[in-house]
Amino acid sequence: MRSRYHHSSLLAAALSHNIKHTFIHYLCLQSDLIYTNSHNGEKNSHRRTENIPNLLIVNWTQNEVGSFPPGKKITIVFVIGGPGSGKGTQCSMIVKHFGFTHLSAGDLLREEAKSDTEQGMMVKNLMHEGKLVPSELIVKLLLKAMLQSGNDKFLVDGFPRNEENRQAYDKIIGIEPELVLFIDCSKEEMERRILNRNQGRDDDNIDTVRRRFEVFQESTLPVVQHYEKTGKLRRVDGAKSADAVFEDVKAIFVQLNTQANQVSSVSRAQSNPFKRFLDLFCGCFGTQEATN
Ligand SMILES: Nc1ncnc2c1ncn2[C@@H]1O[C@H](COP(=O)(O)OP(=O)(O)OP(=O)(O)O)[C@@H](O)[C@H]1O
Ligand SMILES: Nc1ccn([C@H]2C[C@H](O)[C@@H](COP(=O)(O)O)O2)c(=O)n1
């Protein structure tokens, strides 16, 4: 306990004096803190939580990543489910039918893991152990990919994986998801699918898969419960065949499109001055709404 306190104090001192990264890393490893050089350019240390690794350098600024133009309508759907539940499979089908851009948090991290940097190595190791990568990093990668795509409709696959992901997203991107699709599937079926997947993924081995299940149980299920309470969750039975699951998914997206069209026709009508005048006029004489 004393040594942990000692390292935390040294870390604070090192941060305020711009001491070399390697020394800061050492201190982070010895304490329960992580270090981030965060989006507002400030160096910070944070208390580590359950799924946060020992050390992290997140090095970015808001300018580096950019943001959406103010007032632009952006549609976001989160797709969550256990490992191997069929998130990627369903996302590919949604893209074909509904014109979303598919952003897989796992794929973005696998790309990052290829880079020959300290950060790349950290991501690679965490994924190999079946652990979650720090939230600021994944949110930054998502925002970057969203802006690069030029689209305004996004399926965010495999996110949020824990409460910390959700909070980092709120802080950095802050666009409420329209809905959260949850693909519900038994552990036995997911394990069977992953071990048959054969895509050369480093984390598709029995030990890592078991750890990924634990993380899903401990960290992702509370997020599912959160969205259930807010009324945003749409649960589908992932145990059916991929096509049968998509029938259920399709119904959810058709409804989402219908709602979006209704909202945009109301706002188009509200921005038409002639229609507003006519509605007011008819309202005064007790007639039905003038136009629609
Ligand atoms: N409904 C289904 N029935 C049977 N097999 C399926 C079904 N959906 C997907 N699969 C197969 O199961 C494997 C895992 O699917 P997929 O990669 O889509 O899952 P995922 O949830 O994205 O996994 P991960 O979280 O590990 O990336 C793939 O080989 C896929 O072809
Ligand atoms: N929000 C996320 C999403 C993914 N990861 C890491 C940990 C996962 O085991 C791995 C693979 O993801 P998948 O392809 O199964 O969606 O990527 C994370 O840390 N945070």
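No hydrogens, no waters, no symmetry mates; every other heavy atom, side chains included, goes into these values. Counting starts at 1 for both ligands and their atoms, following the listed order.
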Answer with yes or no whether the side chains of D157 and H102 bring together a donor and an acceptor at under 3.5 Å.
->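 Looking only at side-chain atoms, D157 and H102 do form a donor-acceptor pair, the distance falling under 3.5 Å.
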Is there a donor-acceptor contact under 3.5 Å linking the side chains of N162 and S219?
->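 The answer is no; no qualifying pair exists.
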Can you tell me the protein heavy atom closest to [atom] and the distance?
{"atom": "atom 14 (O) of ligand 2", "result": "R110 NH2, 2.9 Å"}
{"atom": "atom 1 (N) of ligand 2", "result": "N165 OD1, 3.0 Å"}
{"atom": "atom 20 (P) of ligand 1", "result": "K87 N, 3.5 Å"}
{"atom": "atom 1 (N) of ligand 1", "result": "K240 O, 2.8 Å"}
{"atom": "atom 10 (C) of ligand 2", "result": "M127 CE, 3.6 Å"}
{"atom": "atom 16 (O) of ligand 2", "result": "R161 NH1, 3.1 Å"}
{"atom": "atom 30 (C) of ligand 1", "result": "T89 OG1, 3.7 Å"}
{"atom": "atom 5 (N) of ligand 2", "result": "L109 CD1, 3.3 Å"}

I want to confirm something. Looking only at heavy atoms, which of [options] is nearest to [atom]?
{"atom": "atom 14 (C) of ligand 1", "options": "R197, R161, R110", "value": "R197"}
{"atom": "atom 22 (O) of ligand 1", "options": "C91, G81, G88, G84", "value": "G88"}
{"atom": "atom 19 (O) of ligand 1", "options": "G86, G106, A242", "value": "G86"}

Of L108, N165, V223, which is the lone residue that meets side chain to side chain contact (heavy atoms under 4.5 Å, CB included) with F159?
->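 So, applying the side chain to side chain contact (heavy atoms under 4.5 Å, CB included) to F159 and each of L108, N165, V223, only N165 qualifies.
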Proximal atoms of ligand 1 relative to G82 (non-hydrogen, under 4.0 Å) =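 Taking each heavy atom of G82 in turn, ligand 1 has 21 (O) under 4.0 Å.
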Donor-acceptor contact present, side-chain [X] to main-chain [Y], <3.5 Å:
{"X": "S115", "Y": "E111", "value": "no"}
{"X": "T220", "Y": "R161", "value": "yes"}
{"X": "Q90", "Y": "A242", "value": "yes"}

Give the C-alpha distance, both sets of side-chain angles, the deciding distance and a yes or no for side-chain hydrogen bond (donor to acceptor under 3.5 Å, both in side chains) between T258 and N261.
-> CA-CA 5 Å; T258 312; N261 289 340; 5.9 Å; no
Do other residues, nucleotides or ligands put more than 12 heavy atoms under 6.0 Å from [X] [atom1]?
{"X": "H226", "atom1": "NE2", "result": "yes"}
{"X": "K232", "atom1": "NZ", "result": "yes"}
{"X": "Q217", "atom1": "CD", "result": "no"}

Do Y169 and F78 have ring centres separated by under 6.0 Å?
->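 For Y169 and F78, the ring centres are under 6.0 Å apart.
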Do the two ring centres, one from F246 and one from H97, sit under 6.0 Å apart?
->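 Yes, ring centres under 6.0 Å apart.
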Within less than 4.0 angstrom of ligand 1, does S85 place any heavy atom?
->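 S85 counts as a contact of ligand 1 under the 4.0 Å cut-off.
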Under 4.0 angstrom from ligand 1, any heavy atom of R212?
->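 Yes; R212 lies near enough to ligand 1 that a heavy-atom distance drops under 4.0 Å.
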Can you name the atoms of ligand 2, numbered from 1 with element, that are less than 4.0 Å from a heavy atom of [X]?
{"X": "K131", "result": "7 (C)"}
{"X": "R201", "result": "11 (C), 13 (P), 14 (O), 15 (O)"}
{"X": "R212", "result": "9 (O), 15 (O)"}
{"X": "V133", "result": "18 (C), 19 (O)"}
{"X": "F159", "result": "1 (N)"}

Backbone or side chain, does any N or O of R193 fall under 3.5 Å from an N or O of ligand 1?
->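 Among all N and O atoms of R193, at least one is under 3.5 Å from an N or O of ligand 1.
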Taking N or O atoms only and a 3.5 Å limit, does R201 qualify as a polar contact for ligand 1?
->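 Yes; at least one N/O pair falls below 3.5 Å.
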Taking N or O atoms only and a 3.5 Å limit, does G158 qualify as a polar contact for ligand 2?
->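 G158 vs ligand 2: N/O contact under 3.5 Å present.
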Between D203 and ligand 2, which residue portion shows a heavy-atom distance shorter than 4.0 Å: side chain, backbone, both, or neither?
->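 The side chain, only.
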Just heavy atoms, cut-off under 4.0 Å: does R211 contact ligand 2 by side chain, backbone, both, or neither?
->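 No part of R211 comes within reach of ligand 2.
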Residue part near ligand 1, for S241, under 4.0 Å between non-hydrogen atoms |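 Near ligand 1, S241 shows its backbone, while the atoms from C-beta on stay back.
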Go through L155 and L103 one step at a time and tell me if the side-chain contact (heavy atoms from CB on, under 4.5 Å) criterion holds.
-> CA-CA 6 Å; L155 287 173; L103 300 174; over 6 Å; no
Should K124 and D202 be marked as a salt bridge (charged side-chain N to carboxylate O under 4.0 Å, His left out) after you check the CA-CA gap, both sets of side-chain angles, and the distance that decides it?
-> CA-CA 9 Å; K124 192 172 181 249; D202 183 42; 5.7 Å; no
Within 45° cone and under 6.0 Å: K153 NZ/CZ vs F100 ring =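 Relative to the ring axis of F100, which defines the angle, K153 lies inside both limits.
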